[in-house]
Amino acid sequence: MSLVASLPGRPLTDGEIASLNRADSVELAVAVESDTDSEAAEANAADAGAEGLLVATDSWVKGIDFLGGAWEVVESVDIEGDEDRYDALRACEDAVRANRSDTAAGAE
């Protein structure tokens with residue numbers, strides 16, 4: 001079962017993200033926070049939980065977004081070592097935020 005397929009069909013709680021961090025197959029899992037104060041206010045008014053996620057192993061980083069009731073990988077970057085990890089995390093975070101902006105713009 002893939003990581004994305006194992007995620008629940010809703011935003012993740014802080015406890016679920018912490019549980020991902022304890023999993024043997026994942027080295028790092030962090031929520032992608034809202035980019036602006038207005039986005040943060042909207043997120044706080046919405047369902048509780050993280051709707052954007054960065055997940056890293058020793059060989060890749062994935063940016064995962066929860067939209068339309070399902071989790072979707074919006075960016076995946078292969079990495080060679082720790083020196084690549086920061087750039088991969090940044091690229092995936094940017095992709096998750098861009099995906100949200102594109103989706104929000106399409107809804108207007």
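Computed over heavy atoms, backbone and side chain alike; hydrogens, waters and symmetry mates excluded.
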Note to self: For Ser76, give me all partners under side chain to side chain contact (heavy atoms under 4.5 Å, CB included), at least two apart in sequence or on another chain.
What the structure shows: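 Once residues adjacent in sequence are excluded, the partners of Ser76 under the side chain to side chain contact (heavy atoms under 4.5 Å, CB included) criterion are Lys62, Val73.
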
Next item on the list: Please check if the side chain of Asp65 supplies one atom and the backbone of Glu72 the other of a donor-acceptor pair under 3.5 Å.
Entry: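 Pair absent, no side-chain N/O of Asp65 close to backbone of Glu72.
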
Can you see which heavy atom on [X] is nearest to which on [Y], and at what distance?
X      : Y     : answer
Arg100 : Glu51 : NH2-C, 3.0 Å
Gly49  : Pro11 : C-CB, 3.7 Å
Gly15  : Arg22 : O-NH2, 4.5 Å
Ile17  : Ala29 : CG2-O, 3.5 Å
Ala91  : Val77 : CB-CG2, 4.4 Å
Leu53  : Leu7  : CD2-CD1, 4.4 Å

Rounded to the nearest 0.5 Å, how far does [atom2] of [Y] lie from [atom1] of [X]?
X     : Y     : atom1 : atom2 : answer
Thr57 : Asp24 : OG1   : CG    : 13.0 Å
Glu75 : Arg97 : CD    : CZ    : 14.5 Å
Ser19 : Asp14 : OG    : CG    : 12.5 Å

Note to self: What I'd like to find out is whether the side chain of Val74 reaches to under 4.5 Å of the side chain of Leu67, using heavy atoms alone.
What the structure shows: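 Val74 does not reach Leu67 side chain to side chain.
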
Notebook entry, point to check: Which residue pairs pass the ring-ring contact (aromatic ring centres under 6.0 Å, His included) test when at least one of the two sits in residues 71-99, sequence neighbours left out?
Noted result: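 Non-adjacent pairs meeting ring-ring contact (aromatic ring centres under 6.0 Å, His included): Phe66-Trp71.
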
Note to self: According to salt bridge (charged side-chain N to carboxylate O under 4.0 Å, His left out), who are the partners of Glu27, at least two apart in sequence or on a separate chain?
What the structure shows: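 Once residues adjacent in sequence are excluded, the partners of Glu27 under the salt bridge (charged side-chain N to carboxylate O under 4.0 Å, His left out) criterion are Arg85.
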
Check: Step by step, would you call Leu20 with Leu12 a side-chain contact (heavy atoms from CB on, under 4.5 Å)?
Finding: CA-CA 10 Å; Leu20 275 175; Leu12 296 180; 4.1 Å; yes

Item checked: Passing option when Leu28 is tested against Val61, Val55, Leu54, Leu89 for side-chain contact (heavy atoms from CB on, under 4.5 Å) ->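 When side-chain contact (heavy atoms from CB on, under 4.5 Å) is applied between Leu28 and each of Val61, Val55, Leu54, Leu89, only Leu89 qualifies.
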
